[in-house]
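Values below: all heavy atoms of this structure, side chains included; hydrogens, waters and symmetry mates excluded. Every chain is numbered from 1, with letters handed out A, B, ... down the list of sequences.
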2 protein chains.
Amino acid sequence: MANNLQFSIAVHLLAGLACGCDQKGITSGHLAESVNTSASFVRRTLAKLSKAGLVETATGKAGACWLAKGAKNISLLDIYKAVDAPKAFTIHDYSEQKACFVSCHIKTALEKALTKTQKAMESSLAEISLAQIVSDVKKK
Amino acid sequence: MANNLQFSIAVHLLAGLACGCDQKGITSGHLAESVNTSASFVRRTLAKLSKAGLVETATGKAGACWLAKGAKNISLLDIYKAVDAPKAFTIHDYSEQKACFVSCHIKTALEKALTKTQKAMESSLAEISLAQIVSDVKKK
DNA sequence: TGTTCTGCAACTATTGTAGTAACAGTTATG
DNA sequence: CATAACTGTTACTACAATAGTTGCAGAACA
């Protein structure tokens, strides 16, 4: 644990919805079975996806959820941002030691490197669509 | 916390060594001041870098450490691998629900996506050398 | 021989995340 | 209208990874 699983869980959930495991709507309880966790945790993740406009939900007795767009129009980057997954790496946050100029300026240098790396990672994610994932799943 | 800071700390340490804050060797205690942590923690990180062949150390009273190669020949990817930093994202590890084929096959689909993304991230890190970081630090 | 460093291992504390539980709000349905 | 079944949200517990500390054996040098 301690590592962020929400991203892969979110992809799992969306893949499940995209496969249209059945009709037009699936309940969180149903999804929870597939991911093997509690319905409540599914809903928490789903809530973020919903806020990001990737899924739509209906409340009430016949409550359910479904994809808000076609699987082709959802990239892994959309999902990555929706669940607020962690950056490529984290910059430490020690107080600066004035006597050492490395200590004082390393942060900006690291930020520059992080920006570049993050961009590379995100554009890679952007190239993968949910439809691609679904087709990989079905291929097996 | 809980996030992995060792990578950025390692870069900080190496940048300190590369700047040759002074003579040819620096003690872990000295480095610790710059990073603002204990000497022992610095040594733990340094040990990984040493195993990866990025720094060399001397024991004994006049113990110290210094870069094993020129800063131009050390990439952030070398450092990333040396400290065993986490992957771009983590794949969840739930037991498969045989009734749901998404559950059974999502893992391989995710692995494929992870491989691609990881590669993008690593090649981005490979393009940044420690010398680049040092020059950014000095520029300020 | 004593000092001062590294190297290593064991330990504690912190904290982010998974996972659970509970409850109010909503809407089909009988 | 009452009930049942779902969502949405918050508060809580449990756990595990990491930062940070401490202590000690071993090495080198004066």
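- Looking at heavy-atom distances under 4.0 Å, Thr37(A) makes contact with sugar-phosphate atoms alone, never a base.
- A donor N or O paired with an acceptor N or O is found under 3.5 Å between the base of dT22(D) and the side-chain atoms of Ser40(B).
- Separating the CG atom of Leu13(A) from the C1' atom of dA18(C) is a distance of 14 Å, rounded to the nearest angstrom.
- Atom CG in Leu17(A) sits about 11 Å away from atom P in dT7(D), given to the nearest Å.
- We find that CZ of Phe89(A) is positioned 18 Å from C1' of dT18(D), with the value rounded to whole Å.
- At distances below 3.5 Å, not a single donor-acceptor pair connects side-chain atoms of Thr57(B) with backbone N or O atoms of Cys65(B).
- Here the P atom of nucleotide dA19(D) and the NE2 atom of His92(A) are 12 Å apart, to the nearest Å.
- Listed nucleotides: dA11(D), dT7(D), dA19(D). Nearest to the side chain of Arg44(A): dA11(D).
- The backbone N or O of Glu111(A) lies less than 3.5 Å from a partner atom in the side chain of Thr115(A), making a donor-acceptor pair.
- Rounded to an integer number of Å, the gap from CZ of Phe41(B) to P of dG23(D) is 19 Å.
- Applying the salt bridge (Lys or Arg N to Asp or Glu O under 4.0 Å) rule to Lys61(A) yields no partners; only residues at least two apart in sequence or on another chain are considered.
- Between the side chain of Ser123(A) and the backbone N or O of Lys119(A), at least one donor-acceptor pair lies under 3.5 Å.
- Taking atom CZ of Arg43(B) as the reference point, atom P of dT21(D) lies 13 Å away to the nearest angstrom.
- Of the residues in residues 47-62 of chain A, those with a non-hydrogen atom less than 4.0 angstrom from any atom of DNA chain C are Thr59(A), Gly60(A), Lys61(A).
- Of the possible donor and acceptor atoms, none in the side chain of Ser34(A) sits under 3.5 Å from a partner among the backbone N and O of Cys100(B).
- A salt bridge does not link Asp84(B) with Lys48(B): every distance from a Lys NZ or Arg NE/NH1/NH2 to an Asp or Glu carboxylate oxygen is 4.0 Å or more.
- Within the 4.0 Å cut-off from OP1 or OP2 of dT21(D), at least one side-chain nitrogen or oxygen of Ser38(B) is found.
- If you check the side chains of Gln132(A) and Lys72(A), you find no donor sitting under 3.5 Å from an acceptor.
- Residue Trp66(B) contributes atom CH2, which lies 11 Å from atom P of dT6(C) at whole-angstrom precision.
- Contact check, Gln6(A) against dT17(C): no side-chain N or O comes under 4.0 Å of OP1 or OP2.
- Atoms CG (Asn36(B)) and P (dA19(D)) sit 15 Å apart, rounded to a whole Å.
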